[in-house]
Amino acid sequence: MIPLGAMVSQMRERRTPPEELGPMLRAARKRAGLSQSQLGTATGIRRAYVHKLEHSERCPSLAVAEALTTALALDVDEAALLLGCAVEDAGRNHPARTAA
């Protein structure tokens, strides 16, 4: 078991995504003809998380950003925006989650 202090130190700091991220993701999803649920299924994330991304409430992990880039067939500029705000210290592979 991980001591509470160690777990807290491993937790990531929440980051604020750029304002243009959400609208870009929503437009790309609609262009791909997918619902939020369908995109979630295609990328392995929950519909509620897709919603938060589309409303610029969250920065995705690098793994999620890569999955979204592929699923939405983002162009170079869109992919650069998404991958530029992605965080490496988050997601399913974060040490705080895998140590449990």
Side-chain angles (χ1 to χ4, degrees):
M1 181 178 282
I2 297 177
L4 181 59
M7 186 178 298
V8 169
S9 68
Q10 291 177 351
M11 296 175 81
R12 72 181 178 99
E13 179 181 324
R14 192 157 315 275
R15 294 160 183 93
T16 304
E19 290 180 19
E20 62 271 19
L21 178 66
M24 181 276 294
L25 285 174
R26 178 180 294 147
R29 176 180 58 79
K30 290 185 180 230
R31 185 176 65 231
L34 299 172
S35 68
Q36 288 181 342
S37 295
Q38 290 169 326
L39 179 57
T41 299
T43 56
I45 60 177
R46 295 177 187 219
R47 186 213 56 82
Y49 190 61
V50 173
H51 174 85
K52 288 178 181 182
L53 291 170
E54 288 187 358
H55 285 83
S56 298
E57 295 174 10
R58 295 284 189 271
C59 285
S61 68
L62 186 57
V64 168
E66 290 170 346
L68 289 168
T69 298
T70 301
L72 296 173
L74 298 181
D75 66 32
V76 174
D77 292 333
E78 292 169 333
L81 173 62
L82 179 59
L83 294 170
C85 75
V87 294
E88 294 184 30
D89 63 342
R92 295 182 187 113
N93 297 329
H94 187 266
R97 292 186 183 201
T98 57

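FYI, side chains are in, hydrogens and waters are out, and symmetry mates aren't considered; it's all heavy atoms of this structure.
Among all heavy-atom pairs drawn from R31 and L74, the shortest one is NH2-CD2, 4.3 Å. Considering every non-hydrogen atom in both S56 and P18, the closest pair reads OG-O, 3.6 Å. Shortest non-hydrogen contact noted between L62 and A86 is CA-CB, 3.8 Å. Contact detail for P17 and R58: the closest heavy-atom pair is CG-O, 3.5 Å. Contact between C85 and C59 at its shortest, heavy atoms only, is O-CB, 3.5 Å. Nearest heavy atom pair, residue P23 against residue E19, reads CD-O, 3.2 Å.
Rounded to the nearest 0.5 angstrom, R26 CZ and H51 NE2 are separated by 8.0 Å. One finds the CG atom of L21 at 9.5 Å from the CD atom of E54 (value rounded to the nearest 0.5 Å). With rounding to the nearest 0.5 Å, the separation of OG1 in T69 from CD in E78 is 9.0 Å. Distance check, rounded to the nearest 0.5 Å: CD of Q36 to CG of L25 gives 10.5 Å.
Looking at heavy atoms from C-beta onward, L72 lies out of side-chain contact with L82 at the 4.5 angstrom threshold.
Within 6.0 Å of atom CZ in R46, 12 or fewer heavy atoms from other residues, nucleotides or ligands are found, so the atom counts as exposed in its surroundings.
Judged by distance alone, with hydrogens and angles left aside, the side-chain atoms of R29 form a donor-acceptor pair with the main-chain N or O of L34 at under 3.5 Å.
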Side chain to side chain contact (heavy atoms under 4.5 Å, CB included) for L68 and L39? Distances and angles first, verdict last. CA-CA 8 Å; L68 289 168; L39 179 57; 3.8 Å; yes
Starting from the C-alpha separation in whole Å, work towards a yes-or-no answer on side chain to side chain contact (heavy atoms under 4.5 Å, CB included) for D77 and M24. CA-CA 10 Å; D77 292 333; M24 181 276 294; over 6 Å; no
Apply the test side chain to side chain contact (heavy atoms under 4.5 Å, CB included) to residues V64 and T43: give CA-CA distance (whole Å), side-chain angles for both, the deciding distance (0.1 Å), then the verdict. CA-CA 7 Å; V64 168; T43 56; 5.9 Å; no
